[in-house]
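Encoded as structure tokens, the structure appears first; notes follow it.
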Amino acid sequence: MDCAMKTPRYTALAGSLPATVPFVGPETQERAAGRPFSARLGANENMFGPSPQAIAAMAAAAQDVWMYGDPEVHNLRAALAQHHATTPENIVVGEGIDGLLGYLVRLVVGPGDAVVTSDGAYPTFNFHVTGFGGTLHKVPYHGDFEDPAALLARAHAVGAKLIYLANPDNPMGSQLDATVIEDMIAHLPQGCLLILDEAYIDLAPDGSAPNIAPDDPRVIRFRTFSKGYGLAGLRVGYGIAAPDLVQAFNKVRNHFGVGRIAQAGAIAALHDQAWLASVKAKVIAARQSFAGVAQENGLQALPSATNFICMDCGRDGDFARRVLQELGSRGVFVRMPAIAPMDRCLRVSLGDEAALAIFAAALPAALNAARG
Ligand SMILES: *Cc1c(COP(=O)(O)O)cnc(C)c1O
């Protein structure tokens, strides 16, 4: 035995991966700064919070948390099936969309397999693709929108197994028409699965979701309790897909990944659609008030179908990064798109009146400091 051999003996793939940290969270920044942020507007969390009924259900479930949750997530899948007028066999529940993306990529992507996404789109997906050895092909945004025609063309050219598209989009907050998505599905290459990430659909204009048969084998659409339902810390998301694909997740998923409290909270949140509607109304109002603050400061608020707004700072990425830095040093946590030319913008999550006031107070000074 070679005593110099290092342990653990990583796979060639893991050994080749860069030592990246996918997200530097606000908590990390707070520890570094030695104080908490006063306005947490960077992670698209829903400050209006979850349904009180969900909180009560989670508190009650806490009494029983010595038991594992149901590994088949039966009751939540049944409730979701009813909500979407489909069957539980069309619903897979997991540890947020992020967790489900990991399982899906693990099921479909092996070393060298081609995957297509947009340059600057949701980075967690890319992280999973790289982690399973896939080859990422990125197409540019078209203006402030993801570009279905370019995604399709690239997928055809490289023989992609997966295309990733978020609609409404993160980080830009833009939304493509339902008909554009439906047309995209009609033109997918043979054997290419569309991942339609609808994390923000609960907050988008009514009737803007595309019409897709749950049994359509060409698409999996992902939804989450993290955004509209205000349960980001709970970690519950779901996919709507053909039964064969839903079944395949059982080969690789963590069977107790969705905990007992999480299942109870999600069921109660789903049943309280009145709360979701009230949150959506607050988000729509906040789009107006936050856009107003942007405008007062000479920034352009881009149209948003989500609970965040991109604010165009009118200059390049270096300037926007300075503004972001200056906001951070004034206790305001925001993020921004990573790729030019979208990185001319700040991405500001929509908060309550108190957060709005803190943001409105900090922004003029941050802009001044950034202008130097
Ligand atoms: C926030 C977000 C997610 C994360 O969803 P979870 O269910 O919390 O994992 C997924 N996709 C997009 C585009 C998001 O913005």
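Everything numeric here is computed off the predicted structure, so don't read it as measured data. Order of appearance sets the numbers: ligands from 1, and atoms from 1 within every ligand.
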Taking any residue with a non-hydrogen atom under 4.0 angstrom from an atom of ligand 1, which ones do you get?
Gly96, Ile97, Asp98, Tyr122, Tyr164, Asn170, Asp197, Ala199, Tyr200, Thr224, Ser226, Lys227, Arg235
With side-chain contact (heavy atoms from CB on, under 4.5 Å) as the criterion, how do Thr135 and Val158 come out once you've worked through the C-alpha distance, each side chain's angles and the decisive distance to 0.1 Å?
CA-CA 10 Å; Thr135 302; Val158 301; over 6 Å; no
Side chain to side chain donor-acceptor pair (under 3.5 Å) partners of Asn250, counting only residues at least two apart
Arg253
Can you list every pair that meets ring pair (Phe, Tyr, Trp, His ring centres under 6.0 Å) and has a residue in residues 151-195, with sequence neighbours left out?
Phe125-Tyr164
Are Glu198 and Lys227 within salt-bridge range, i.e. N to O under 4.0 Å?
no
Using 4.0 Å as the upper bound for N to carboxylate O, is an ion pair formed by Arg31 and Glu27?
no
Under 4.5 Å side-chain heavy-atom separation, chaining through any Ile, Leu, Val, Met, Phe, Trp or Tyr, what else clusters with Leu231? Say none if it is isolated.
Ile55, Met58, Val65, Val73, Leu76, Leu80, Ile91, Val93, Phe225, Tyr229, Leu234, Val236, Tyr238, Ile240, Val258, Ile261, Ile267, Leu270, Leu276
